[in-house]
J.: 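Here it is, the structure in full.
All values below come from the heavy atoms of this structure, side chains included, with hydrogens, waters and symmetry mates left out. Along the sequence shown, the residues carry numbers beginning at 1. Remember, it's 1-based here, ligands and their atoms both numbered in the order they're listed.
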Amino acid sequence: MSLQNPTLVLNCGSSSIKYALISEDGETRIEGLAEALGNADARIKHKNLDGSKVEINIPNSGAHTEALKIILGELIGEYKPVAVGHRVVHGGDKFTKATKINAEVLAHIEELASLAPLHNPANAAGIKAINELFPQLPQVAIFDTAFHQTMPAHAYRYAIPKALYEEHHIRRYGFHGTSHAYVSNRASQLTTKDGKHGWIVAHLGNGCSATAVYDGQSLDTSMGITPLEGLMMGTRSGDVDPSLHALLNRTLGLSIGEIDTLLNKQSGLLGVSGISNDMRNLEQADKDGNQDATLALDMFAYRVAKYILGYTAALPELTGVVFTGGIGENGAEMRAKIVTHLKHLGAKFDTAKNAQLFRGAEGSFHTADSALEFWVIPTDEEYQIAKETKEVLGL
Ligand code: AMP
């Protein structure tokens, strides 16, 4: 195992930094997580190259800078990263691809905080910390939204007055782009079918989104101007009647902020089941006879299937469906429930093959006579970010 000319991948949240150091050939990596930054119990959980684990406390950490100093110093300093790739959540319509960071790019990322107030400021803080500590390291921003910039206008526009789009950039952007890019590309490598491929990718984790990808380009995706639109998620409602805001305000006196919290943090699997946002807990509760859990699972599957069927309209041809994310990669029961709704497409799946795909396994579970393919592909956003970082820098 060696870590030749590695790229450092950073995913900076408001109080956390997820990091991975990935070798030139993409085969070897070191990873870790700094969490509770800014709090007294701030710590870094680090996994060495040999798999051994270290935990370092960083009390009084001044958020990102202090943690990055330790990560790039004592934890990975000896491997000398050649570049840093940052996950940046919102690239608006300014950034259509991964972009080398300079002062102007950083300023745009900060401006886009108007569209992603929780994420972009934290992403920018990580970039500034690297600028301060290691100004010689080239940095690249990989935007969650960029992959979806190929969507046609009929998919990305909302049916609202056009001035809101032209003057205020109100449109659908989509997220999870790095995951959809990696997984759809990988599916095209794995299929034995020749020619151009049309995939519907279901990224099902705590956050969920579906994307129609044709010949490597996103043609439609289920998240919108924020990551609330689309599928039912762990705690997010996904699609609701937009008049719900007005109705809840009028009838229950809830404020805009309260409704936003309700739809983002108290809805989805958690809201419907009243038990948990975790698929595993709901599957257990369902087996124990809890009807709210059963309904939450039925709704989740039905809504994913509706999006898959809807996205057949986006694609010139359909090769198959790809499942990824914690639920997509591990939840064989949920996959079976979703795929069962797709019988009108001529979809047939192999129950035994489906049941064997979990915990990092990559493979297909369609039958030989199925009209479309079904794949489970574990997502690897870190790999994709490192790959795009090197491409942008010509490394
Ligand atoms: P992620 O956000 O991608 O980490 O995915 C988290 C979701 O994956 C949670 O709802 C978990 O319950 C779900 N998950 C993880 N393992 C399993 C499993 N074996 N079966 C079903 N769901 C799972």
J.: Taking H64 for its side chain and G13 for its backbone only, find out whether a donor-acceptor pair lies under 3.5 Å.
T.: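 It does hold such a pair.
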
J.: Give the residue and atom name of whichever protein heavy atom lies nearest to atom 7 (C) of ligand 1, and the separation in Å to one decimal.
T.: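 Closest protein heavy atom to atom 7 (C) of ligand 1: I327 CG1, 3.7 Å.
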
J.: Looking at Y156, is R171 sitting on its ring face, NZ or CZ under 6.0 Å from the six-membered ring centre and within 45 degrees of the normal?
T.: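 Yes, a cation-pi geometry.
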
J.: Has N354 got a side-chain atom pairing as donor or acceptor with A332's backbone, closer than 3.5 angstrom?
T.: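 Confirmed, N354 side chain pairs with A332 backbone.
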
J.: Would you check whether G205 has a nitrogen or oxygen atom less than 3.5 angstrom from a nitrogen or oxygen atom of ligand 1?
T.: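 No, since none of the N or O atoms of G205 sits under 3.5 Å from an N or O of ligand 1.
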
J.: Considering only the protein, which heavy-atom contact is closest to atom 19 (N) of ligand 1, and what is its distance?
T.: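 Closest protein heavy atom to atom 19 (N) of ligand 1: N330 CB, 3.4 Å.
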
J.: Does an N or O anywhere in D278 fall below 3.5 Å from an N or O of ligand 1?
T.: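 For ligand 1, there is an N or O atom that lies under 3.5 Å from one belonging to D278.
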
J.: Can F175 and H90 be said to form a ring-ring contact (aromatic ring centres under 6.0 Å, His included), step by step?
T.: CA-CA 8 Å; F175 298 87; H90 222 305; 5.3 Å; yes

J.: Flag this pair as yes if the NZ/CZ of R335 is under 6.0 angstrom from the six-membered ring centre of F374 and inside a 45 degree cone about the axis; otherwise no.
T.: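 R335 over F374 ring: no.
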
J.: Got T99 and V392 here, is their nearest side-chain heavy-atom distance under 4.5 Å?
T.: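 Of all side-chain heavy-atom pairs linking V392 with T99, none is under 4.5 Å.
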
J.: What atoms of ligand 1 come within less than 4.0 Å of a heavy atom belonging to N206?
T.: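 Under 4.0 Å from N206, ligand 1 has these atoms: 1 (P), 2 (O), 5 (O), 6 (C).
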
J.: Considering P378, G326, G207 one by one, which has a heavy atom nearer to atom 5 (O) of ligand 1 than any of the others?
T.: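 Considering heavy atoms of P378, G326, G207, the nearest to atom 5 (O) of ligand 1 sits in G326.
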
J.: Identify the protein heavy atom lying closest to atom 10 (O) of ligand 1, giving its residue, its atom name and the separation to 0.1 Å.
T.: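 Residue, atom and distance for the closest contact: M279 N, 3.1 Å.
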
